[in-house]
Structure formats: C-alpha cells, structure tokens
Amino acid sequence: MPELPEVESLTQFLRERAVGRTIVGVDVVGFQALKTFDPPATALGGLSITGVARHGKFLDLDCDGLHLVIHLARAGWLRWRDDLSGAKPVRPGKGPLALRVRLAPDDEGAAPGFELTEAGTQKRLAVYVTRDPGEVPGIAALGPDPLDPSFTVAALKRIVGGNRTQIKGLLRDQKIIAGIGNAYSDEVLHAARMSPFKIAATLTDAQIADLHEAIVTTLGEAVERAHGLAAKDLKAEKKSGLRVHNRAGQPCDVCGDTIREVSFADSALQYCPTCQTGGKPLADRRLSRLLK
C-alpha cells in the first residue's frame with residue numbers, strides 16, 4: 001500500500017510534470033473508483049493543473065479551483081505516460097486501469113498524462129472530484145501529519161496519553177496520525193526498539209521521545225530516498241529501504257536476529273525480537289495473550 005513517503009514523492013513528481021498543463025480529458029474506466037458525481041469528472045476538461053498537495057495518503061490536484069483527489073488504497077498506483085496520443089481506448093471493466101487523465105500536447109507534439117491502475121479483485125482505489133478537498137470524508141477525519149512542524153514530542157504525548165490501543169494500531173489509525181500504514185509502522189517501531197503490542201498509554205516520556213524521533217526520521221529518510229525518482233521506480237525503492245517489513249525469516253540488519261512475523265486475517269506485521277521484545281517471540285494474536 002502506498003503510504004506517506006510514496007504519496008509525498010508522487011506529489012513532488014506531479015508538481016514537476018503536471019502543474020501548468022491543461023487537462024484535455026478524463027477517462028473513467030473503473031466506475032467503482034469514482035466516488036462523486038457533482039461536479040462530474042468531465043468538468044475537469046479544459047482546466048489547468050495549478051497545484052498538487054498531499055493530505056495523509058491522499059493526492060490532491062488543484063485544477064483551477066476544482067480538485068481531483070486520489071486515494072490509491074492497498075493495490076493502486078499512478079503511472080505517468082510521456083505520450084498518450086497513441087494509447088488505445090479501453091473498455092470499462094477490462095484490466096487494471098481505473099482512470100486516465102490526458103494532458104494537452106507539449107511543443108514537440110507529445111501528449112502526456114497519467115493513469116491510475118489497481119491490481120487484484122478488491123477494488124478500493126478512490127477518486128473524488130470536488131470543490132473542496134475537505135469534503136472528502138477521509139480527509140476531513142485525518143489526524144496530524146507527522147512531517148508537519150506542529151507534530152512535536154508534546155503533540156505525540158497528547159495523542160498517546162490515556163490511549164489503551166496497542167501502539168501498532170495507533171500508528172496505523174489515520175484519524176490519529178495521518179499517512180502511516182502497515183509497512184512504515186513496522187519500520188518506525190523497529191527504529192524505536194518498541195514492541196508493536198505495547199499499550200500506548202504505558203509509554204514513558206523517554207519512550208515517547210524515542211518514538212517521535214523514529215517516526216520523523218524514518219518517514220523523512222524515506223521521502224529523501226525517493227526524491228527525484230520517477231513514479232515507476234518508487235515501489236522498488238520502498239522495498240529496498242525496508243529493514244523489517246516483509247522480511248520475515250531474514251536477519252535483522254541491526255542485531256542479526258531472525259525477523260519474525262505475526263499474521264492476522266488480512267495482514268501481517270514483522271518485528272525483530274532482540275531489538276523490540278527483549279528477545280521473546282510474540283505469540284499469535286488469535287491464539288495467545290499479547291506481550292506488552
């Protein structure tokens with residue numbers, strides 16, 4: 001799933017390539033992806049892209065005051081095309097393509113644009129055309145952005161104080177902190193040397209400071225690594241930069257212990273016992289009491 005660093009990199013990528021260009025047309029292929037009907041997607045035709053922003057995991061393209069807002073969900077992606085002039089028309093319901101945005105030709109005659117695709121059968125990619133991005137339900141409910149200067153140690157202390165949620169779940173809750181998902185919550189907790197099952201309210205002041213440092217540093221470094229990369233290269237860069245997530249059975253880069261995994265109904269977490277749980281493997285959440 002694209003998380004804050006990848007969406008931030010896509011935001012920067014589109015700022016460099018799409019801002020200032022005029023939208024020629026928007027082709028909605030996966031009708032289930034379009035979550036709004038007023039204004040219609042056709043209203044974007046003829047408008048210029050004047051800015052690109054990020055809200056948590058949401059991409060926001062400002063098109064002369066109308067906003068094309070995108071959430072890539074678990075298996076969605078954005079693919080930039082330098083020239084769509086020869087692209088074949090597609091039929092709705094066929095293949096992974098959900099949306100195509102065609103931009104005006106450049107001076108050399110190439111007609112660039114981008115496509116939104118979604119792999120798999122669970123179609124959760126979401127596209128909104130709105131006058132105000134704050135009207136998008138997911139954006140309206142977002143918690144603070146961890147890369148914003150206002151996200152301080154004191155702010156994190158207020159968030160975790162009295163919260164009886166396990167810290168892994170808290171980090172993934174977009175209403176509490178925006179932008180962190182399954183992968184980077186694993187990475188943050190490894191950097192903070194903290195069990196994913198630790199109860200948030202039990203964190204000491206020192207642990208809160210360590211967690212804050214891990215959040216800001218882990219996300220900031222991921223954004224920096226991805227800066228300047230083409231959209232097509234971001235997935236590979238993310239995978240290469242992960243220390244524990246999706247690395248079960250491999251040695252920890254920090255201590256050499258074997259990275260372990262706990263599976264859930266539709267996801268899994270990875271962690272290092274030596275770095276995070278005092279050397280104790282975590283029990284399966286569905287069978288045993290969780291370690292704190």
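Just so it is clear, the structure is predicted and the values come from calculations on it, not from any experiment.
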Original post:
Angle class for the His71/Phe58 ring planes (parallel below 30°, perpendicular above 60°, tilted otherwise)?
Top reply: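 The rings of His71 and Phe58 stand perpendicular, inter-plane angle above 60°.
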Charged N-O contact under 4.0 Å between [X] and [Y]:
X      : Y      : value
Asp38  : Arg131 : yes
Glu115 : Arg79  : no
Asp205 : Lys157 : yes
Asp253 : Arg247 : yes
Glu3   : Lys238 : yes

Do [X] and [Y] get their side chains close enough for a donor-acceptor pair, meaning under 3.5 Å?
X      : Y      : result
Ser195 : Thr277 : no
Thr130 : Asp132 : no
Gln12  : Glu16  : no

Please report the closest heavy-atom contact between [X] and [Y], naming both atoms and the distance.
X      : Y      : value
Ala214 : Val188 : CB-O, 3.5 Å
Ser185 : Lys168 : OG-NZ, 2.7 Å
Asn246 : Gln270 : N-OE1, 2.8 Å
Ala192 : Asp210 : CB-O, 4.2 Å
Thr50  : Cys63  : OG1-N, 4.5 Å
Ser150 : Ala155 : O-CB, 3.7 Å

Same cluster (ILVMFWY, side-chain, under 4.5 Å), [X] and [Y]:
X      : Y      : value
Ile139 : Leu14  : no
Met194 : Ile176 : yes
Leu10  : Leu4   : no
Leu61  : Val69  : no
Leu99  : Ile49  : yes

Mind checking whether [X] and [Y] have side chains closer than 4.5 Å, heavy atoms only?
X      : Y      : answer
Tyr271 : Arg260 : yes
Leu59  : Val7   : yes
Val216 : Pro146 : no
Ile177 : Phe151 : yes
Pro5   : Arg225 : no
Lys198 : Gln207 : yes
Phe114 : Arg102 : no
Gln276 : Leu189 : yes

Original post:
Phe13 ring centre to Arg15 NZ or CZ under 6.0 Å, with the angle to the axis within 45°?
Top reply: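 Negative - Arg15 is either too far from the ring of Phe13 or too far off its axis.
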[X] side chain to [Y] backbone, donor-acceptor under 3.5 Å:
X      : Y      : result
Gln174 : Gly179 : yes
Thr218 : Ile215 : no
Lys232 : Leu229 : no
Arg81  : Asp83  : no
Asp82  : Pro112 : no
Asp257 : Thr274 : yes
Glu118 : Leu97  : no
Ser240 : Glu237 : yes
Ser85  : Ala110 : no
Asn182 : Ala268 : yes

Residue [X] excluded, over 12 heavy atoms near [atom1] under 6.0 Å:
X      : atom1 : value
Arg243 : CZ    : no
Glu135 : CD    : yes
Glu224 : CD    : no

Original post:
Going through the distances and angles, do Ser48 and Arg21 end up as a side-chain contact (heavy atoms from CB on, under 4.5 Å)?
Top reply: CA-CA 5 Å; Ser48 295; Arg21 295 184 181 272; over 6 Å; no
Original post:
For Ile70 and Leu72, what are the C-alpha separation, side-chain angles and deciding distance, and is it a side-chain contact (heavy atoms from CB on, under 4.5 Å)?
Top reply: CA-CA 6 Å; Ile70 300 162; Leu72 295 169; 3.9 Å; yes
In Å and rounded to the nearest 0.5 Å, what is the [atom1] to [atom2] distance from [X] to [Y]?
X      : Y      : atom1 : atom2 : value
Asp186 : Ile180 : CG    : CD1   : 11.5 Å
Arg172 : Leu170 : CZ    : CG    : 12.0 Å
Arg193 : Leu211 : CZ    : CG    : 14.5 Å
Ile208 : Thr204 : CD1   : OG1   : 7.0 Å
Asp27  : Leu116 : CG    : CG    : 11.5 Å
Arg54  : Asp145 : CZ    : CG    : 4.0 Å

**OP:** Report the C-alpha distance between His55 and Leu142 in whole Å, list the side-chain angles of each, state the deciding distance to 0.1 Å, and finish with yes or no for side-chain contact (heavy atoms from CB on, under 4.5 Å).
**Re:** CA-CA 8 Å; His55 313 283; Leu142 285 175; 3.8 Å; yes
**OP:** Could you walk me through whether Cys272 and His190 pass the side-chain contact (heavy atoms from CB on, under 4.5 Å) test, one step at a time?
**Re:** CA-CA 7 Å; Cys272 170; His190 179 256; 3.8 Å; yes
